[in-house]
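Okay, structure first, notes after.
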Amino acid sequence: MKRDPPPAERQAQEEDAGEQKTPLWIFGYGSLVWRPDFEFSSRKVGFIRGYSRRFWQGDTFHRGNEKMPGRVVTLQEDYDACTWGVAYEVRGEQIAASLQYLNMREAVLGGYDTKLVKFHPQDKEADEPILALVYIATPQNPTYLGPASEEDIAAQIIVSSGRSGHNIEYLLRLADFMRYFCPKVEDEHLFSIEEALISILPCLCQAENPSVEV
Ligand SMILES: N[C@@H](CCC(=O)N[C@@H](CS)C(=O)NCC(=O)O)C(=O)O
């Protein structure tokens with residue numbers, strides 16, 4: 001009778017056959033919550049601890065240009081804070097494809113580095129915390145802008161657009177995601193920028209239905 005191969009050999013065989021059983025999870029908290037643009041096997045809404053989401057990263061490609069950089073989000077270490085977003089599960093060939101795509105979109109074009117964090121699915125009864133990869137723009141990256149008043153951030157967003165679209169879309173889609181998928185979560189920084197933007201452009205009232213599908 002044929003003997004089953006030992007676990008290591010079986011794992012190697014599965015990997016060779018591209019049937020990698022070990023998934024990779026990628027946590028998104030900005031444009032990735034509404035525009036992942038890579039193939040994934042599943043996704044979960046949830047949060048990471050110890051970070052605040054801040055519109056402190058400049059963007060000279062996707063939502064701005066060299067002369068007028070846009071403002072996109074990064075994560076600021078903040079012991080008591082949580083940042084909500086979406087974690088995407090990638091398996092097998094999806095792993096290399098998603099990392100190759102995100103390296104260009106986030107690292108090369110966006111100035112983001114990678115870090116491993118503990119992701120907490122919102123359905124904590126059903127799901128254990130998961131180790132996930134996250135892209136963070138640190139103050140050392142060349143397009144980092146740092147803190148500004150919510151009014152000044154809103155004014156910069158209003159006049160910025162880039163290859164992926166207007167900076168206003170970036171803000172409103174993120175605000176829509178939080179409003180509709182994390183309705184109980186306070187995000188003063190995000191919603192005060194949205195409020196400042198709407199006070200400058202009253203026509204940008206909240207959409208009737210979410211512009212974000214998760
Ligand atoms: N890393 C954050 C932020 C990602 C982000 O917004 N990055 C910009 C790069 S500067 C981007 O991908 N923009 C694409 C777009 O604006 O549609 C996330 O996980 O969502």
Side-chain angles (χ1 to χ4, degrees), residues 24-38 40 43-78 81-90 97-120 130-146 153 156-178 181-182 185 187 189-190 193-194 197 211-214:
L24 170 70
W25 287 83
I26 299 168
F27 177 64
Y29 58 89
S31 61
L32 291 179
V33 302
W34 49 270
R35 196 170 78 84
D37 268 6
F38 58 84
F40 55 86
R43 58 184 158 188
K44 294 177 190 289
V45 172
F47 63 94
I48 60 172
R49 294 187 194 284
Y51 293 95
S52 296
R53 176 179 25 229
R54 291 288 181 268
F55 274 85
W56 292 357
Q57 173 65 0
D59 179 1
T60 57
F61 181 85
H62 293 286
R63 301 288 165 167
N65 58 48
E66 294 296 335
K67 284 206 180 70
M68 295 176 74
R71 272 200 183 248
V72 293
V73 291
T74 185
L75 294 175
Q76 165 79 0
E77 287 194 9
D78 182 349
C82 288
T83 294
W84 284 73
V86 180
Y88 298 92
E89 179 189 25
V90 288
S98 59
L99 291 178
Q100 188 180 14
Y101 166 70
L102 290 171
N103 179 57
M104 179 52 71
R105 167 174 163 173
E106 299 297 303
V108 174
L109 296 173
Y112 289 78
D113 285 332
T114 51
K115 189 165 186 175
L116 282 175
V117 291
K118 192 186 277 188
F119 169 76
H120 298 266
I130 304 165
L131 200 59
L133 191 70
V134 67
Y135 289 83
I136 301 179
T138 67
Q140 288 69 44
N141 91 84
T143 51
Y144 185 78
L145 296 175
I153 292 174
Q156 185 173 352
I157 286 173
I158 285 175
V159 298
S160 302
S161 66
R163 311 283 183 92
S164 297
H166 202 288
N167 209 164
I168 292 176
E169 179 200 27
Y170 182 102
L171 172 76
L172 295 182
R173 282 181 178 272
L174 182 56
D176 276 350
F177 166 80
M178 288 303 295
F181 294 96
C182 313
V185 178
D187 190 328
H189 177 76
L190 171 63
I193 294 169
E194 185 191 39
L197 188 124
S211 57
V212 180
E213 283 145 30
V214 172

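Quick caveat: nothing in here was measured; it's all calculated off a predicted structure. One-based numbering, in listed order, for ligands and for the atoms of each.
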On a heavy-atom basis, which atom in Leu133 and which in Thr114 lie closest, and how many Å separate them?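 Nearest pair, atom of Leu133 first, then Thr114: CD1-CB, 3.9 Å.
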
Looking only at heavy atoms, what is the nearest atom pair of Val73 and Gly30, with distance?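 Between these two residues, the closest heavy atoms are CG2-CA, 3.5 Å.
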
Any idea which protein heavy atom is nearest [atom], and the distance to it?
atom                    : answer
atom 20 (O) of ligand 1 : Gly30 N, 2.6 Å
atom 3 (C) of ligand 1  : Tyr112 OH, 3.7 Å
atom 14 (C) of ligand 1 : Arg35 NH2, 3.3 Å
atom 6 (O) of ligand 1  : Tyr170 OH, 2.6 Å
atom 9 (C) of ligand 1  : His62 CD2, 3.3 Å
atom 11 (C) of ligand 1 : Ser31 OG, 3.2 Å
atom 2 (C) of ligand 1  : Tyr29 CZ, 3.4 Å

Could you go through residues 61-69 and list every donor-acceptor pair under 3.5 Å that involves a side-chain atom there, pairing it with any protein atom two or more places apart or in another chain?
| from | atom 1 | to | atom 2 | distance (Å) |
| --- | --- | --- | --- | --- |
| His62 | ND1 | Ser164 | OG | 2.8 |
| His62 | NE2 | Arg105 | O | 3.2 |
| Arg63 | NH1 | His166 | O | 2.8 |
| Arg63 | NH1 | Glu169 | OE1 | 2.6 |
| Arg63 | NH2 | Ser164 | O | 3.1 |
| Arg63 | NH2 | Glu169 | OE1 | 3.3 |
| Asn65 | OD1 | Lys67 | N | 2.9 |
| Asn65 | OD1 | Met68 | N | 2.6 |

State which residues pass salt bridge (Lys or Arg N to Asp or Glu O under 4.0 Å) with Asp113; sequence neighbours excluded, sorted by chain then number. none

Taking 4.0 Å as the limit for heavy-atom contacts, which would you say applies to [X] with ligand 1: side chain only, backbone only, both, or neither?
X      : result
Phe61  : neither
Glu106 : side chain
Asp59  : side chain
Ser164 : side chain

Nearest 0.5 angstrom please: Thr83 OG1 to Met178 CE, how far?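 The distance works out to 8.5 Å.
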
If you measure only the distance, is there a donor-acceptor pair under 3.5 Å linking the side chains of Asn167 and Gln156?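 Absent: no donor and acceptor within the cut-off.
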
In ligand 1, which numbered atoms sit nearer than 4.0 Å to a non-hydrogen atom of [X]?
X      : value
Leu32  : 18 (C), 19 (O), 20 (O)
Tyr135 : 1 (N)
Arg63  : 15 (C), 16 (O), 17 (O)
Gly28  : 19 (O)

Once you measure the plane-to-plane angle for Phe55 and Tyr170, does it fall in the parallel (<30°), tilted (30-60°) or perpendicular (>60°) bin?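 Perpendicular.
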
Which class fits the ring pair Tyr101 and Phe38: parallel under 30°, tilted 30 to 60°, perpendicular over 60°?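 Answer is tilted, since the angle falls between 30° and 60°.
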
Would you check if Ile130 and Glu89 make a side-chain contact, meaning some heavy-atom pair closer than 4.5 Å?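 The answer is no; the side chains never approach within 4.5 Å.
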
Ring centres under 6.0 angstrom apart (Tyr112, Tyr135): no

